[in-house]
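We count ligands from 1, going down the list as the structure has it; atoms in each ligand are counted the same way. This is a predicted model, so every value here is computed, not measured.
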Amino acid sequence: MGGAATPGLAAAVSAAGGLGMVSLPMVPAEDVAVIVAALAKGATGPVGINFLIPFLDLAAVEAAARHCRVVEFFYGDPQAGLVERVHRSGALADWQVGSADEAKAAVQAGCDFVVAQGTEAGGHIRGTTGLLALLDEILAAVEVPVLAAGGIGSARAMAAALAAGADGVRVGTRFVATAESGAHPAYIQALVQASAADTVITTAFSGMWPDAPHRVLRSAVTAMEAFSGETTGEMDLGPARMPIPKGAVPSPTRDTTGAIPAMALYAGESVGNVARVQSAADVVRELAEGAERLLRARV
Ligand SMILES: Cc1cc2nc3c(=O)[nH]c(=O)nc-3n(C[C@H](O)[C@H](O)[C@H](O)COP(=O)(O)O)c2cc1C
């Protein structure tokens, strides 16, 4: 989840019983090693790290795999060599996928589990199928555990995914609006006010990462198109302070300055469930305990 997924957020999710994950794009491998080692040492539960294939740094993967329980990859063809590196360091490997063929390829590459990402998801979207249909196809195609992702922001949605056969769920947007998130307050406020219909799949924020559709708040596309400058602001990216070109990929973090509404405000259809800023533990509890209650009431 880019800059929103701080080590503090991952630690809070894992302390609450989830698998907290970080992603550290553009961060040098030496720094990844230090950040992830400190995270794993301080966390009271398992933590993971996500790598985007178009920005992959092999040294960072190896550094992270030594400390994380899970190393996940997204947005590229599954590669046995990568999975092997992760396993050699003692971590589990998984791939977030957008189709049954990609799930099969991930399993063939040796992945321990897969995340089925439906088009309801916030952020970059790998496939073209909605979650329930995709989950059905992937559950029929592979034997490894399958997590469901995309539009899951309520206990009802989580219960539905589990009832449909998912072994767990992946939640993104709800955690952007938590006290521990690194997202800019104005981005979080925009999430609080939005509903599912206010999101759109677009390629508007393709600077640095072309040909990769993503779901954002429609208001961000409108504001970006109306913005007349070449750079919308500045942010810390890895060790450096960088200008953000208009239409670029990064979403605004707490340290970002400039035209926040015109930046990539990623949001899934689950955004309608973001009613206020909560602690990550409250979100985990609300979803997990609520889903359990719903599922038990039906047996
Ligand atoms: C702000 C944001 C950033 C994201 N960044 C990543 C990422 O770096 N890597 C990744 O695999 N998925 C990323 N995703 C997608 C999530 O892994 C997941 O598919 C999605 O959040 C699920 O849908 P939801 O947002 O409705 O919960 C991101 C999602 C959001 C909302």
Side-chain angles (χ1 to χ4, degrees), residues 1-6 9-10 13 18-27 48-56 60 64 70-76 78 93-98 102 106 111 114-127 129-131 134-135 146-154 157-158 160-161 166 168-178 181-184 187-188 190-191 194-196 198-201 205 208-209 212-217 220 237 249-254 256 263-274 280 283-284 287:
M1 285 166 51
T6 60
L9 175 56
V13 169
L19 170 68
M21 299 199 53
V22 285
S23 69
L24 300 165
M26 324 290 260
V27 178
I49 187 165
N50 171 278
F51 288 99
L52 296 168
I53 294 294
F55 305 99
L56 195 68
V70 170
V71 177
E72 177 180 65
F73 301 98
F74 185 45
Y75 237 94
D94 87 284
W95 219 279
Q96 180 167 231
V97 300
E102 198 179 20
C111 282
V114 295
V115 178
Q117 188 204 41
T119 50
E120 299 90 336
H124 286 79
I125 295 181
R126 185 64 176 156
T129 308
L131 179 59
L134 179 68
L135 194 55
V146 178
L147 309 190
I152 299 175
S154 68
M158 177 170 169
V169 299
R170 137 81 44 87
V171 173
T173 302
R174 282 297 303 270
F175 288 115
V176 179
T178 56
S181 145
H184 192 282
Y187 173 18
I188 295 179
L191 294 180
S195 58
D198 298 320
T199 69
V200 65
I201 297 179
F205 294 94
M208 299 153 76
W209 190 0
H214 38 277
R215 187 181 287 278
V216 294
L217 294 181
L237 212 55
V249 166
S251 61
T253 47
R254 270 184 230 141
T256 302
M263 297 180 190
L265 306 185
Y266 299 112
E269 291 188 343
S270 52
V271 73
N273 302 116
V274 176
V283 173
V284 173
L287 295 187

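Arg215 and Glu269 are joined by a salt bridge, as a carboxylate oxygen and a charged side-chain nitrogen come within less than 4.0 angstrom of each other.
If you number the atoms of ligand 1 from 1 as listed, the ones under 4.0 Å from a heavy atom of Val171 come out as 27 (O). Of all atoms in ligand 1, numbered sequentially from 1 with element shown, those under 4.0 Å from a heavy atom of Gly268 are 26 (O). Atoms of ligand 1 lying under 4.0 Å from at least one heavy atom of Asn50, given by number and element, are 7 (C), 8 (O), 9 (N), 10 (C), 11 (O). Applying the 4.0 Å criterion to heavy atoms of Gly151 picks out, from ligand 1, the atoms 23 (O), 24 (P), 26 (O). Atom numbering of ligand 1 starts at 1 in the shown order; those under 4.0 Å from a heavy atom of Ala121 are 19 (O), 20 (C), 22 (C), 23 (O). Listed by number with element, the atoms of ligand 1 under 4.0 angstrom from any heavy atom of Tyr187 are 1 (C). For ligand 1, the atoms closer than 4.0 angstrom to any heavy atom of Thr173 are 24 (P), 25 (O), 26 (O), 27 (O), 31 (C).
Considering each of Gly150, Gly172, Gly122, Gly123, the one bringing a non-hydrogen atom nearest atom 15 (C) of ligand 1 is Gly122. Among Glu269, Gln117, Gln96, the residue whose heavy atom lies closest to atom 17 (O) of ligand 1 is Gln96.
Between the CD atom of Gln117 and the CG atom of Leu147 there is a distance of 12.5 Å, given to the nearest 0.5 Å.
Residues Phe51 and Leu56 meet the side-chain proximity criterion, which asks for heavy atoms closer than 4.5 Å. You'll find the side chain of Val176 stays beyond 4.5 Å of the side chain of Thr178, heavy atoms only. Contact annotation: the side chain of Pro25 approaches that of Ser23 to within less than 4.5 Å [non-hydrogen atoms, C-beta and beyond]. By the 4.5 Å heavy-atom criterion applied to side chains, Thr199 and Val216 are not counted as neighbours.
Only the side chain of Leu52 comes within 4.0 Å of ligand 1, judged by heavy-atom distances.
Side chains of Ser270 and Asn273: a donor-acceptor N/O pair is absent below 3.5 angstrom, by distance only.
Inclusion of Tyr266 in the set of residues having an N or O under 3.5 Å from an N or O of ligand 1 is not warranted.
A ring pair (Phe, Tyr, Trp, His ring centres under 6.0 Å) with Phe55 is found for one member of Tyr75, Trp209, Phe73 and no other, namely Trp209.
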